[in-house]
Number of protein chains: 2
Amino acid sequence: MRIGELAKATGIDVETLRYYERVGLVQLPARQANGYRAYGQDAIERANFIRHCRTLDMGLGDIKRLLDFTSKPDAGCFDVNHLLDEHLARVRAKLKSLRTLEQQLARLRTQCDAGHRAADCGILQDLVAAAHGEACACHPSDGNASLSKRKARE
Amino acid sequence: MRIGELAKATGIDVETLRYYERVGLVQLPARQANGYRAYGQDAIERANFIRHCRTLDMGLGDIKRLLDFTSKPDAGCFDVNHLLDEHLARVRAKLKSLRTLEQQLARLRTQCDAGHRAADCGILQDLVAAAHGEACACHPSDGNASLSKRKARE
DNA sequence: TTTAAACCCTATAGCGACTTCAGGGTCAAG
DNA sequence: CTTGACCCTGAAGTCGCTATAGGGTTTAAA
């Protein structure tokens, strides 16, 4: 199987597959005489595993760790649980801050309904008011999505 | 006012302020004899505007556009509405896909409660099953958060 | 007066997960 | 024999910072 067929079979872009190879997520495939990559059926399985994990928004590092687990059947699965718990926590945190954000934006959106002069635009006024520290449609209180240092993946 | 004071006044990191300058989001400040940046009061206002928009998760390009509007009071504010609508739509789409994702992950998490051998781990089994296209705890049906081309900012 | 901390400067590289581009080689059909 | 679809490598671009290297300046204390 050539890389284009693998791409079609898995829904992963050709460039992305090569990128996964470069960062060590998929093992180096055999090569045909002309230098083309030659994949076996197992490559589809592995690539689909990666794809599925990516739809779950896992990072490539996490996926790599999971792939390692699948090839070490006798290891404890405590770490799998832990990895998933952390990921779930990240997703829930992001969800929470996104819900707040959506409300802020929706409220801001109500400030201007018609197309009039920018000088009278309630949205702009509201945003400028925030720059003055005055009352504003949005009152971020939980400190989420802030500009401060964030280490965690979003 | 020097850059450190501006940073303290706005809560934006010094490096980030310099970065904003580099990408043209804030205008070039005057310089002292020693080469230090010298800001006026208006810089605080502009920087706070940017900060507020960033807490609303707007992209720097969008913020630039909004800043342009604030300096063109006679322009129509149709575009401001439009920009905000698009941003809101992006946020809502992301919210929807995150909600689906959270459910998928939570369900997946129930597959394994104890620390046993990785070979018996329900989570891994489930993920591998997905690679086979078999039944799985997660059934992504809306196609969100897919691996296909996405142009939009997340 | 020296010296150390705290500030400032520029330029550059790194992050994650790709995407795109430049500049080629290979292969089957018409 | 040429066109077009596919393949290759390596490098740079995306976004919004963050960090690092390698300097210069200012300010306060010892």
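For the numbers below, each heavy atom of this structure counts, side chains included, while hydrogens, waters and symmetry mates do not. Throughout, protein chains are lettered first and strands after them, A, B, ... in sequence-line order, and every chain is numbered starting at 1.
Side-chain contact between B/R2 and B/Q32: present, with at least one pair of heavy atoms (C-beta onward) separated by less than 4.5 Å. Residues B/R54 and B/L60 meet the side-chain proximity criterion, which asks for heavy atoms closer than 4.5 Å.
Neither OP1 nor OP2 of C/dA17 sits under 4.0 Å from any side-chain N or O of A/T16. An OP1 or OP2 oxygen of D/dG16 is reached within less than 4.0 angstrom by no side-chain nitrogen or oxygen of B/Y20.
Separating the CD atom in B/E45 from the CZ atom in B/F49 is a distance of 10.0 Å, to the nearest 0.5 Å.
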* Go through the steps for A/K8 and A/D13 under the test salt bridge (charged side-chain N to carboxylate O under 4.0 Å, His left out), then give the verdict. => CA-CA 8 Å; A/K8 209 163 284 177; A/D13 193 83; over 6 Å; no

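We find that CZ of B/R51 is positioned 17 Å from P of D/dG16, with the value rounded to whole Å. Rounded to whole Å, atom P of D/dC15 lies 11 Å from atom CG of B/D62. Distance OH (B/Y19) to C1' (C/dA11): 16 Å, rounded to an integer number of Å. When the P atom of C/dC18 is taken as reference, atom CE of A/M58 falls 14 Å away, rounded to whole Å.
The two residues B/V14 and B/G4 come nearest to each other via the heavy atoms CG2-CA, 4.1 Å.
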* Structure fact -> Each nucleotide of nucleotides 5-10 of chain D classed B (base within 4.0 Å of a protein heavy atom), S (only sugar-phosphate) or -, in 5' to 3' order, makes -BSSB-

